[in-house]
Amino acid sequence: MNANTPSDGSPQPTAQTVELLHRHPSNPILSSRDWPYPINSVFNAGATLLADGTTLLLCRVEDRRGISHLTAARSPNGINGWQVDPTPTFASKPLEFPDELWGVEDPRITYVPELKQYAIAYTSYSRGGPGVSLAMTTDFRSFERYGVIMAPEDKDAALLPRRINGYWALIHRPMTPLGAHIWISYSPDLRYWGRHRMMLEARRGAWWDANKIGLCPPLIETSEGWLAIYHGVHQNASGALYRLGLALFELDNPENCILRGDSWIFGPEAEYERRGDVRDVVFPCGYTLSPDGDTLNIYYGAADSCIALAQASLAELLAWLKTNGHAAEETISTAARSDR
Ligand code: BMA
């Protein structure tokens, strides 16, 4: 039992004495003003480091019809000097892929060494609601689309970079009668998916992550487990508040949660996070790891209007989780008791 676990099982506040995610002074690092063609907004970007050290962001761009597409922006340092593709890099193709009728959103990029390709899991907005689609690429110029791999309503998906016990694994967030929880599914070939398991449950009641959670960037592989940065959506009288929390999962069995933090670690505070098309949203879809092997560069959409950067130490995130986290059953039983 963790030092913070209360003896009577009641929810206890955990002290957050340190800032774990540090906003970059250049924030926001990209907005509609930087775009080479007219758009409404640019936010929720997938991220990866290319072989030559270039940071590539695959940005969700909402056009002036309300339909989103993805456009690549490249920078030598991941902060400024962005070269934005002059036209949409990955636009929906509703004639060939009807599930993309109302656009493509919120990409998560995973480099897959076995395939020597990048996998992009993204939301395809169909008549039936948002679903999860997959595309593969080597260069972010041409793409092989696999189409919808998780039927609506489902989103917030990312592929793991390697097979788990012989199977590819996808994290995603289906809406089910049980609620909006994080699930994992497995596939032998990236096309046919099964063995669906819930891996992290939204809490209930007054919690910051009650009722609706979703994976943010792809899971981060560490020697201690897969680290998840996930969002919780707190509904209150003025709308929804998107904040971020941490959880850690077993390396060889990622559906098993080792630790989950009780408090959120990052929430909307800066002006560009609090005001925009959708107020009070921080929504990362990608990260890169700096050459020091510890600094995470977390790229997040702010207020559905621009892209910002926050930096964190991987070692500090893990240390925080060890001190402030609980084993999954303890958290779930605490949540179960607290919502009665
Ligand atoms: C979520 C997603 C995100 C968006 C967020 C806040 O449901 O659709 O794309 O940033 O809502 O509007």
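Every number for a ligand or one of its atoms is a count from 1 in the order of the listing. One-based numbering along the sequence shown. Atom set for the values below is all heavy atoms of this structure, side chains included, hydrogens, waters and symmetry mates excluded.
- Considering each of Tyr242, Tyr125, Tyr300, Phe43, the one bringing a non-hydrogen atom nearest atom 11 (O) of ligand 1 is Tyr242.
- A salt bridge is absent between Glu271 and Arg23: the closest approach of a Lys/Arg side-chain nitrogen to an acidic carboxylate oxygen does not fall below 4.0 angstrom.
- Note on ring orientation: taking the six-membered ring where Trp is involved, the planes of Tyr118 and Phe140 are tilted (angle from 30° to 60°).
- Those atoms of ligand 1 that come under 4.0 Å of a heavy atom in Arg60, given as number and element, are 9 (O).
- The nearest heavy-atom contact from the protein to atom 3 (C) of ligand 1 is Asp106 OD2, 3.2 Å.
- At a cut-off of 3.5 Å, with distance as the only test, no side-chain donor of Ser32 or Asp34 sits close to an acceptor on the other residue.
- The closest protein non-hydrogen atom to atom 12 (O) of ligand 1 is Asp304 OD2, 2.7 Å.
- Here Val233 has no heavy atoms under 4.0 Å from ligand 1, in either its backbone or its side chain.
- The distance from ligand 1 to the heavy atoms of Lys155 drops below 4.0 Å at these ligand atoms: 2 (C), 7 (O), 8 (O).
- For Phe43, the ring-ring contact (aromatic ring centres under 6.0 Å, His included) test picks out no residue, with sequence neighbours left out.
- Between Phe90 and Phe143, the ring-plane angle classifies as perpendicular under the 30° and 60° cut-offs.
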